[in-house]
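Only a predicted model underlies this, so the values are computations on that prediction, with no experimental measurement involved. Numbered from 1 within each chain, the chains take letters A, B, ... in sequence-line order. Heavy-atom basis, side chains included; hydrogens, waters and symmetry copies ignored.
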Protein chains: 2
Amino acid sequence: MVLNLTTTSLLVLNKIRSKMYKIAFDINGNDNGINSALAATKLFLKTNKNYAIILVGPKAEIEKYYGKNMPENLEIIDNSSVPSDVKNIRQSLRENTSMNVALDLVANKKADAVLSSGDSGTYLAAATFKVKRLEGISRAAFMPLMPTITGRKFLLLDVGANLETTSDYLVEWTKIANSFDRVLLKNLAPRCALINIGTEDYKGTELIKEANNKLKEQHQLNYIGFQEPRDLLNGVCDVAVIDGYGGNLILKSLEGAILSFKNLLTSKIKLKPIRKLGYLLARGAFKDVAETLDYRNVGAAWIAGVNGVVIKSHGSSDEKAYYGALNQIKLALDNHILSEVKKDLNINEE
Amino acid sequence: MVLNLTTTSLLVLNKIRSKMYKIAFDINGNDNGINSALAATKLFLKTNKNYAIILVGPKAEIEKYYGKNMPENLEIIDNSSVPSDVKNIRQSLRENTSMNVALDLVANKKADAVLSSGDSGTYLAAATFKVKRLEGISRAAFMPLMPTITGRKFLLLDVGANLETTSDYLVEWTKIANSFDRVLLKNLAPRCALINIGTEDYKGTELIKEANNKLKEQHQLNYIGFQEPRDLLNGVCDVAVIDGYGGNLILKSLEGAILSFKNLLTSKIKLKPIRKLGYLLARGAFKDVAETLDYRNVGAAWIAGVNGVVIKSHGSSDEKAYYGALNQIKLALDNHILSEVKKDLNINEE
């Protein structure tokens with residue numbers, strides 16, 4: 001899978017240790033156009049002078065947007081192409097799309113990280129194909145950083161990349177997410193859990209029971225056993241691991257429930273003037289809640305398991321979501337995420 | 001599967017058409033004791049004179065609770081036993097538990113419906129073993145009635161009974177839930193959906209894509225295709241069908257997100273006096289929301305697919321939850337649910 005590991009890793013390591021980082025940013029594929037990506041880019045570059053961004057997108061439009069205020073450290077690669085048929089992944093891998101160009105930049109060490117909000121399935125396949133998987137890792141997984149009501153965050157994986165899994169995939173993902181959590185969230189011993197339909201050891205599929213037994217033997221992990229999805233937003237764990245089918249259902253249920261609850265409350269408040277007045281007085285609380293559970297942080301999901309810093313933004317990301325994704329990349333690069341993951345997985349970087 | 005269908009069904013039919021209904025109520029197995037069950041029983045019998053309830057539970061305690069105010073139409077079968085080991089279902093089926101006694105009452109036509117809040121897995125197995133499955137139905141499923149923000153409700157199944165399914169199970173469950181929805185919620189053409197990780201036909205597992213194709217051919221159903229869990233609480237469908245693993249994860253995610261959101265908002269309101277004042281003025285809105293999304297309605301789940309009216313209450317049901325379950329049974333019996341389901345499934349009742 002990983003060819004020329006020694007040379008490749010050495011180059012990566014040198015990049016990571018240098019002070020200037022480059023992010024390849026595929027800005028096509030957002031449902032609402034490119035403006036949010038451009039605004040976030042500008043904001044990010046303004047405060048991060050040791051970062052450069054290579055925008056892969058429609059050059060004329062980008063130049064028109066910035067006009068005379070072109071940010072420093074910005075490069076543009078002109079490309080307006082998105083996959084012609086997202087259902088045909090094999091074909092998409094061969095096309096000259098902005099996504100492929102951005103991934104190639106990382107694969108060829110011309111950039112240190114890559115961000116895209118293009119089609120998830122295509123991005124996953126292309127990242128795996130071009131950047132390759134980490135040594136000993138069977139599958140790459142989508143891993144968003146999720147908010148909780150405690151203010152702490154947790155990593156959830158896999159969210160939809162692998163609908164079918166083996167117990168080994170789950171074990172591998174736990175290890176990778178554990179490293180990400182240590183590095184990005186500064187938890188010394190992240191509480192790692194398998195997400196299941198019950199907390200008792202005898203509950204769930206044979207597959208997850210097998211993974212449970214295997215994880216209990218991984219003594220370098222702070223493995224806390226099964227947890228139920230009902231406790232996730234209460235911050236019951238730092239790393240939540242599940243198959244991609246279950247993870248996707250959970251993410252969409254949590255997001256949906258919070259949005260529905262919010263909409264219902266808003267509509268009930270609007271029913272009477274006295275309630276509207278009450279809302280005005282209490283709105284600080286609503287703002288706090290919105291800030292704590294802001295799902296724009298969730299817009300971005302790491303592609304965990306590939307040999308590079310690869311992150312995916314939601315297809316309808318706004319400026320805040322993109323800015324959050326760029327800052328996640330910064331946190332990852334500044335803290336040498338890839339070296340740390342490889343160290344934890346006993347992958348030799350020399 | 002269904003032995004002596006002709007005689008059995010005739011007896012059931014006669015029962016249903018008669019005016020007096022009997023509910024067998026296993027009151028053991030609630031984490032908080034029997035008082036909630038007894039309070040709900042009293043309240044229900046007070047306003048439903050054509051109903052009798054057979055309580056299966058600790059007779060002395062029941063008599064002590066009611067004292068001189070023993071409700072009319074109440075029978076007691078003295079039994080304080082719960083399964084000695086819920087993990088050993090085969091053994092539980094042979095034990096003289098209140099759950100088994102209550103189910104036998106329905107199986108032997110001594111009662112028209114049965115309610116229990118004992119262990120889910122045991123109840124499902126015992127109901128299938130004693131009451132039997134409907135003709136042509138492969139597996140029984142847990143089917144709660146779920147709230148939405150529109151005030152309408154929807155049926156979700158399977159919630160945890162069958163972690164692994166076939167496309168045929170999903171098709172069978174859709175048909176049964178469709179009948180329940182017509183009867184209980186008075187929808188003329190319930191919108192039936194498969195819950196999937198995406199709405200596009202090409203998304204999801206092979207199994208669910210197969211079920212999707214099969215359901216498109218069921219022209220007697222108002223099948224609306226795939227829906228995502230994020231839209232469930234917005235009332236996007238009347239019948240939501242998924243495997244028991246996914247359904248359980250969704251239910252627990254929705255419940256958990258709403259509770260977490262509520263707790264977070266409460267804690268943020270308590271931070272400042274001005275917010276507390278605002279809350280007091282707007283609390284009507286909060287009450288409305290709580291009423292609309294009250295998960296005590298969800299406490300009860302039908303066991304769909306068995307040849308009887310069998311419902312399960314949550315293991316920590318309070319009076320309101322039990323009362324809700326008894327009223328669901330009433331709605332089902334008053335509207336001849338079993339006959340309607342059999343008619344829709346083309347099962348001959350003569």
With a 6.0 Å cut-off (strictly less than), is the heavy-atom count around NZ of Lys262(A), excluding the residue itself, greater than 12? no
Checking heavy-atom separations under 4.5 Å from chain B, one finds in residues 84-93 of chain A Val86(A), Lys87(A)
Looking at chain B, which one of Leu265(A), Asn234(A), Leu259(A), Thr205(A) has the largest number of heavy-atom pairs inside 4.5 Å, strictly under? Leu265(A)
Chain B contact residues among residues 267-282 of chain A, heavy-atom distance under 4.5 Å: Lys268(A), Ile269(A), Leu271(A), Ile274(A), Arg275(A), Leu277(A), Gly278(A), Tyr279(A), Leu281(A), Ala282(A)
Taking the side chain as every heavy atom from C-beta outward, state whether Leu254(B) and Phe261(A) have any pair of such atoms under 4.5 Å apart. no
Show the numbers, then the answer: is there a side-chain contact (heavy atoms from CB on, under 4.5 Å) between Ile242(B) and Leu249(A)? CA-CA 11 Å; Ile242(B) 187 167; Leu249(A) 294 175; 3.7 Å; yes
Thr199(B) meets the side chain to side chain contact (heavy atoms under 4.5 Å, CB included) criterion, sequence neighbours left out, with Glu228(B)
How far apart are the closest heavy atoms of Ile149(A) and Leu264(B), and which atoms are they? O-CD1, 3.5 Å
Of all the residues in residues 163-174 of chain A, which have a heavy atom that comes within less than 4.5 Å of a heavy atom in chain B? Leu163(A), Glu164(A)
As an exercise, state the distance from CG of Leu251(B) to OG of Ser253(A), rounded to the nearest 0.5 Å. 9.5 Å
Hey, could you give me the CD1/OG distance between Ile258(B) and Ser260(A), rounded to the nearest 0.5 Å? 7.5 Å
Between Asn263(B), Asn248(B), Ile197(B), which shows the greatest number of heavy-atom pairs under 4.5 Å with chain A? Ile197(B)
Heaviest contributor of heavy-atom pairs below 4.5 Å to chain A, chosen from Asp231(B), Thr148(B), Ile195(B), Asp243(B), is Asp243(B)
